[in-house]
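In the text below, chain A, chain B and the rest are named by the order of the sequence lines, each starting its count at 1. Just so it is clear, the model here is predicted, and its values are computed rather than measured. Hydrogens, waters and symmetry mates are skipped; everything else that's a heavy atom, side chains included, is used.
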Amino acid sequence: MEEIVEPLLGWYAENARDLPWRREVTPYRVWISEIMLQQTRVEAVKGYFARFIGALPGPAELAAVDERELLKLWEGLGYYSRARNLQKAARVIMETYGGELPASHEELLTLPGVGPYTAGAVASIAFGLPEPAVDGNVLRVLSRLTADNSDIADPAVKRAAERTVRGIIPAGRAGAFNQALMELGATVCAPNGPPACGRCPLAGLCAAHAAGNETAYPVKAAKKARRVEERTVLLLVRDELLALRRRPAKGLLAGLWELPNLPGALDGAGAVEAARTLGLAPLRVEPLGPAKHIFTHIEWHMTGYRVTVEEAQAGEGLEWIDPRGLREDYPLPSAFSAYLAPYLAPGG
DNA sequence: AACACGGGGTC
DNA sequence: GACCCAGTGTT
């Protein structure tokens, strides 16, 4: 496998994308970018990265930031436990490592939210340590290169890939080499459709390309079907105010804010009853129609109602807010955007 | 080993 | 609609 090293490094030197976290390479910036990039495309991360670094330029600021502000900076990126773990890790960095990220793979691995991939990425990119950083891109590239039929979802396959990479990391070039492998997977040996073998520096070394069946790799077990959940969403209106509720600290969309909602596809009478259960006195109910939101593992089919309520009652666990402050102050998942769109629009 | 955990781009 | 993304933590 060693023969891929030189062509890959040469290609990367010419073709590395100009990305915000490559402009200035510090351990903190590498770490933040790698966490953001977990299961998330480069294009989606760019804007978040700049804003996040501007607001929280180092571990000290991250360790101290208010949770709502932190989630607001992460709003829309998904997998919100990444943000909480980032802060937990920042506190460890402040208390245990004197405010600097530890320069060892083993210590990086102990930080919350840092697994084998991220520890390897930070170790190699930020500290130049010869550690593999095997992600989905690398697994795809290697499986095509060797026409390997084993399921890349199998942890044993990933361990083997890490062993392979570790064995060929060029001295002093670990960061460039790992990034080159990922960059090739992201821009040339891409998922979704045929790879751009015409632009690949490894085409001549690739078993899948020789056989002309690149798209047969990587082999991956079929995913489980999503489950559908019916939910009724309440847009509760009291005078000019709107009711929001904070989600539980654990589970789906933990700690984010939401429109009050409950299981089932209720009719108007059911929506009125639900508002009463929340301690409110409904005056009027209007259907807002259906909406759908797709998570990775769940599909919400929502039925929405605007329920206007009397001013006397505050309701159970609700926060009444001026919709104009929605965009500024409350970390919201995108799941409710269909019902909130009128309020989130500029000037709305 | 299987599942929970977001959101969006692409074919 | 299906796939899948610079994965990690929990059970």
Side-chain angles (χ1 to χ4, degrees), chain A residues 16-17 19-22 30-49 71 74-86 88-89 108-126 132-141 151-158 161-162 165 175 177-187 189-195 215 218-229 247-248 250-256 258 292-300 331-337:
Chain A
R17 288 170 291 180
L19 302 174
W21 43 93
R22 288 178 178 164
V30 172
W31 171 47
I32 300 299
S33 67
E34 290 300 342
I35 299 293
M36 285 186 170
L37 286 161
Q38 288 170 7
Q39 296 292 288
T40 310
R41 289 184 160 73
V42 164
E43 285 309 315
V45 168
K46 283 182 178 172
Y48 283 92
F49 179 79
L71 288 174
W74 208 267
E75 179 189 70
L77 253 192
Y79 288 154
Y80 297 93
S81 67
R82 291 186 293 175
R84 289 173 210 289
N85 283 334
L86 220 35
K88 282 186 200 161
L108 287 166
L109 212 39
T110 68
L111 298 174
V114 176
Y117 163 74
T118 306
V122 175
S124 62
I125 300 169
V134 172
D135 69 341
N137 288 312
V138 177
L139 288 170
R140 183 173 55 256
V141 169
D151 180 358
I152 62 164
D154 183 348
V157 173
K158 192 177 161 194
E162 285 166 345
V165 172
F177 181 68
N178 282 335
Q179 290 184 87
L181 224 31
M182 293 189 277
E183 192 91 345
L184 188 73
T187 63
C189 195
N192 295 327
T215 54
V219 173
K220 213 169 179 179
K223 289 195 179 166
K224 238 186 63 176
R226 274 190 295 270
R227 68 174 181 275
V228 173
E229 288 184 7
R247 291 183 61 85
K250 285 179 183 273
L252 187 68
L253 306 172
L256 272 72
E258 67 175 358
K292 191 187 284 192
H293 185 75
I294 314 280
F295 298 96
T296 304
H297 55 307
I298 308 170
E299 195 167 321
W300 275 359
L332 288 163
S334 71
F336 303 98
S337 12

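With rounding to whole Å, A/Lys88 atom NZ is found 12 Å from C/dT8 atom C1'. Regarding A/Asn137, its CG atom lies at a distance of 11 Å from the C1' atom of C/dC4, rounded to whole Å. At whole-Å resolution of the value, CG in A/Leu139 and C1' in C/dG7 are 11 Å apart. Here the P atom of nucleotide C/dA2 and the NZ atom of A/Lys223 are 12 Å apart, to the nearest Å. Distance, A/Lys158 NZ to C/dC5 P: 12 Å, rounded to whole Å. The separation between A/Lys292 atom NZ and C/dA2 atom P is 10 Å, rounded to whole Å.
For A/Ser334, the side chain to side chain contact (heavy atoms under 4.5 Å, CB included) partners at least two apart in sequence or on another chain are A/His293, A/Ser337. Looking at residues two or more places apart in sequence or on another chain, you find no side-chain hydrogen bond (donor to acceptor under 3.5 Å, both in side chains) involving A/Thr187. Partners of A/Lys46 by side-chain hydrogen bond (donor to acceptor under 3.5 Å, both in side chains), not counting sequence neighbours, listed by chain and number: A/Glu43. Partners of A/Tyr48 under the ring-ring contact (aromatic ring centres under 6.0 Å, His included) rule, at least two apart in sequence or in another chain, do not exist in this structure. For the side chain to side chain contact (heavy atoms under 4.5 Å, CB included) test, residues two or more places apart in sequence or in another chain that qualify with A/Ile298 are A/Arg227, A/Glu229, A/Leu252, A/Phe295, A/Trp300. For A/Trp21, the ring-ring contact (aromatic ring centres under 6.0 Å, His included) test picks out A/Phe49, with sequence neighbours left out. Scanning for side-chain hydrogen bond (donor to acceptor under 3.5 Å, both in side chains) contacts around A/Gln39 gives an empty result, with sequence neighbours left out. Legend: residues meeting side-chain hydrogen bond (donor to acceptor under 3.5 Å, both in side chains) with A/Arg22, ordered by chain and number and at least two apart, are A/Tyr12, A/Gln179, A/Glu183.
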Run the side-chain donor-acceptor check on residues 109-125 of chain A: report pairs under 3.5 Å with partners two or more places apart or on a different chain.
{"unit_1": "A/Thr110", "atom_1": "OG1", "unit_2": "A/Glu107", "atom_2": "O", "d": "2.6"}
{"unit_1": "A/Tyr117", "atom_1": "OH", "unit_2": "A/Glu34", "atom_2": "OE1", "d": "2.6"}
{"unit_1": "A/Thr118", "atom_1": "OG1", "unit_2": "A/Gln38", "atom_2": "NE2", "d": "3.0"}
{"unit_1": "A/Ser124", "atom_1": "OG", "unit_2": "A/Gly120", "atom_2": "O", "d": "2.8"}
{"unit_1": "A/Ser124", "atom_1": "OG", "unit_2": "A/Ala121", "atom_2": "O", "d": "3.3"}
{"unit_1": "A/Ser124", "atom_1": "OG", "unit_2": "A/Asn178", "atom_2": "ND2", "d": "3.0"}

In the 5'-to-3' direction, what one-character label does each nucleotide of nucleotides 5-11 of chain B receive under the scheme B = base within less than 4.0 Å of a protein heavy atom, S = sugar-phosphate only, - = no such atom?
-> BBBBB-S

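Judged by distance alone, the side chain of A/Arg140 and the main-chain N or O of A/Ile152 form no donor-acceptor pair under 3.5 Å.
Spacing of P atoms, B/dG6 relative to C/dT11, comes out at 15 Å, to the nearest Å. Only the P atoms considered, C/dA6 is 24 Å distant from B/dA4, to the nearest whole Å.
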Table of protein N/O atoms under 3.5 Å from nucleotides 1-3 of chain B N/O atoms:
none

Nucleotides 9-11 of chain C: which of its N/O atoms have a protein N/O under 3.5 Å away?
{"unit_1": "C/dG9", "atom_1": "OP1", "unit_2": "A/Gly113", "atom_2": "N", "d": "2.4"}

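Under 3.5 Å, the side chains of A/Asn85 and A/Arg82 contain no donor-acceptor pair of N or O atoms.
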